[in-house]
Engineer: 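Here's a structure for you.
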Amino acid sequence: MTEDEQRQAEEQRLAQAVEESDIAISVRGIRNAFGDQVIHDGLDLDVRKGEILGVVGGSGTGKSVLMRAIIGLQTPNEGEIHVFGESMVGRLDDDALAIRKRWGVLFQGGALFSTLTVAENIEVPIREYYPNIGAQLRDEIAAYKIRMTGLPAEAGPKYPSELSGGMKKRAGLARALALDPDLLFLDEPTAGLDPIGAAAFDEQTRKLQETLGLTVFLITHDLDTLYSICDRVAVLADKKVIAVGTIDELLALDHPWIQEYFNGPRGRAATAAVSREKNKAAQTPPDGRQ
Amino acid sequence: MNKAASLAEEQSDGGSVLRLSGSLAIASLHDLPDRLDAVQGPVGTIDLSDVDHMDTIGAWTVHRTAKRLGSQISGAHPDAQRLIDTVGALDDPVSIHPDSVPALRRVVGQIGEAVSTAGSTMLGLLGFFGATLVAAWSLIRHPSRFRVNAVVQRFEVVGVSALGIIGLMSFLIGIVIAQQGSVQLRQFGMEMLTINLVGRLTFRELGVLMTAIMVAGRSGSAFAAQLGTMKLTEEIDAMRTIGVSPMEALVLPRTLAVIIMMPLLGFYASILSVLGGAFLCAIALDIPPITFFQRLREVVPITDLWVGLIKAPVFGLIIAISGCFQGMQVKGNAEEVGLRTTAAVVQAIFLVIVIDAFFAVFFTWVGWN
């Protein structure tokens, strides 16, 4: 096969994959470089609809850069990104905008607008895109989003500087969910939270994903998060996604970094915790009493 | 999926029925919420059997209408029913807007807050000045701890790198003074007095004052931002833990550098202003430079130079102390670094002008006028 034919075949295969339409995000052959430093080279990744995909990798492997490339904050030097079947690289037209409205992003620090209250933060996307929604209804929407993300009822009129780290993340999540997105990007949502807060946040994410039918792209370092809520895990290393699959599938692979990651002391502790949970669940009688 | 939501009202034997259809998602709601609000009850049933898609915002719209009109929801797809149940369970009172305060009370409160902030800032500044003096005294007793390299490095940042911008600014100000002065003085036929104006004004006041403003903007703000960022990243705490005094390592070198650089920069600025004046006089007033400088020597007493040079280190001290003080006050978040940097510059310029007024009175009093 000549190179041209090969590319054509590849494109056809890609078009088919998109038509199958259970793929929410498809990343093909991404290359990201800052100056001489190459972060990604020929990176491929698929995110299926309705799954929570965990993205892991050592520091500096470009997890956040990958997310920024998908949401269009960073134009990759090469490669294609399709979201819901629409090509997104360098697109600013109305079709691309319609896709943009279908995702919500939670940045690492929450990235709340510091001059606005929590409720106003949540209302920003609604105000921006749907001025037809009246002030009264908008306030009500903000109110149930506040409750939905587990924020306390009095958080609405507070400013971000008055919130704790965990509440900032929840407020950021509420804003990300303001337009009822189909796709949610979470960048290290449990970093900096205490274990109880982190577990509660994981639980919340899982619950929201189930109720709203979300597809979640989740960058994390938190092994507990990976074990407890992720359907599949993608591992970034050597400038590529070296493996995607359930944790069991990944453990079967013979890659040193993956083995080190999941079988290191912390990985083993998380595995043990999960199997304890499973045993407890098995022992608990169906009516829930112990 | 993107069929617009629509609404029909029907009468049946069980009371009136609201029939919703299409997609109840935020993108296709359009004016449906308003139309639902306009419906007067009672409505027995809200029928959702023709709804093909729903998100939580649509579910909320249905929920609030059903609650207001006391109606039953029927015909919902299981997914839609689940969403309606979910948002319904979240229907608790939540505060959204801050409690409003009457305007008068708010204004009085803000004034009071501003006064108390100003008072405590001045007090804090004084305390910081004291701490700097104490640190300086301990450094005099232990000269080996003096950080020569840090000071020299600041010389470059504060002084040498500022030469370009201060020189240009002073030259232009000299031109402006000479030009504006000559226009007024021409009415009395005394254009020669332009030289007095330029010479005395720049050496006594403007040279050093404009330099102080520029240094406050360049270096005072930089000090506040640097120290503020170091405070945020806990570098200053780390320093204290290791046993290095931040006053000695950070504040004193900066303060000393500005105190020493200010007279030099002020003198340089005055000279450049005079050159600017001479340039304009030569071009516009036909006063040759030789005449200009000869007359300058006659009319500008040497005390004018001293006045400027005495004020300069004091201004420098104020700028450095304000910058470092505001930087060390940063706590909490990155936003504060910006606020403190602004405060440092405003405070420094304000205090410089206040002190300048005192100096003016003082020098008149001692007869240097």
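By convention in this document, chain letters (A, B, ...) are assigned in the order of the sequence lines, proteins followed by strands, and residues within each chain are numbered from 1.
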Engineer: Quick one: do Glu140(A) and His63(B) satisfy side chain to side chain contact (heavy atoms under 4.5 Å, CB included)? Show the steps, please.
Structural biologist: CA-CA 11 Å; Glu140(A) 287 175 22; His63(B) 166 77; over 6 Å; no
Engineer: With chain B as the partner, which of Ala119(A), Ser161(A), Ala143(A) has the greatest number of non-hydrogen pairs under 4.5 Å?
Structural biologist: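 Most pairs with chain B among the choices: Ala143(A).
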Engineer: Could you report the tightest heavy-atom contact between Ser95(B) and Pro157(A), atom names first, then the distance?
Structural biologist: O-CD, 3.3 Å
Engineer: Side chain from CB out, backbone as N, CA, C, O: work out which of these in Glu123(A) comes under 4.5 Å of a heavy atom of chain B, or both, or neither.
Structural biologist: side chain
Engineer: What residues of residues 167-179 of chain A sit under 4.5 Å from chain B when only non-hydrogen atoms are counted?
Structural biologist: Ala178(A), Leu179(A)
Engineer: Would you mind checking which part of Ser114(A) comes under 4.5 Å of any heavy atom in chain B, side chain (CB onward), backbone (N, CA, C, O), both or neither?
Structural biologist: side chain
Engineer: Name the option with the most non-hydrogen atom pairs under 4.5 Å to chain A; the candidates are Leu32(B), Asp99(B), Asp92(B), Val87(B).
Structural biologist: Asp92(B)
Engineer: With rounding to the nearest 0.5 Å, note down the distance linking CE in Met54(B) to CG in Asp180(A).
Structural biologist: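 It is 11.0 Å, given to the nearest 0.5 Å.
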Engineer: Could you report the tightest heavy-atom contact between Arg82(B) and Glu210(A), atom names first, then the distance?
Structural biologist: NH2-O, 3.7 Å
Engineer: With Phe217(A), which residues qualify under ring-ring contact (aromatic ring centres under 6.0 Å, His included), at least two apart?
Structural biologist: Phe185(A)
Engineer: Quick check: under 4.5 Å, non-hydrogen atoms only, which of residues 144-153 of chain A neighbour chain B?
Structural biologist: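 When heavy atoms of chain B are the reference, residues 144-153 of chain A contributes Tyr144(A), Lys145(A), Ile146(A), Arg147(A), Met148(A), Ala153(A) within the under-4.5 Å range.
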Engineer: Looking only at heavy atoms, which two atoms of Thr61(B) and Leu137(A) are closest? And how far apart?
Structural biologist: OG1-CD2, 4.5 Å
Engineer: Calculate, to the nearest 0.5 Å, the distance between atoms OH and CG belonging to Tyr130(A) and Leu29(B) respectively.
Structural biologist: 9.0 Å
Engineer: Under the rule for ring-ring contact (aromatic ring centres under 6.0 Å, His included), what residues qualify as partners of Phe128(B), not counting sequence neighbours?
Structural biologist: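 If we apply the ring-ring contact (aromatic ring centres under 6.0 Å, His included) test to Phe128(B), skipping adjacent residues, the hits are Phe325(B).
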Engineer: Let me know which of Thr86(B), Asp55(B), Thr56(B) forms a side chain to side chain contact (heavy atoms under 4.5 Å, CB included) with Leu212(A).
Structural biologist: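 Of the listed options, the one satisfying the test is Thr56(B).
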Engineer: Go through the atoms of Ile96(B) and report whether side chain, backbone, both or neither lie under 4.5 Å from a heavy atom of chain A.
Structural biologist: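 For Ile96(B), heavy atoms of backbone and side chain both lie under 4.5 Å from chain A.
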Engineer: Kindly check if the number of other-residue, nucleotide or ligand heavy atoms within 6.0 Å of CD (Glu162(A)) is above 12?
Structural biologist: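 Yes - once you tally the heavy atoms of other residues, nucleotides and ligands closer than 6.0 Å, there are more than 12.
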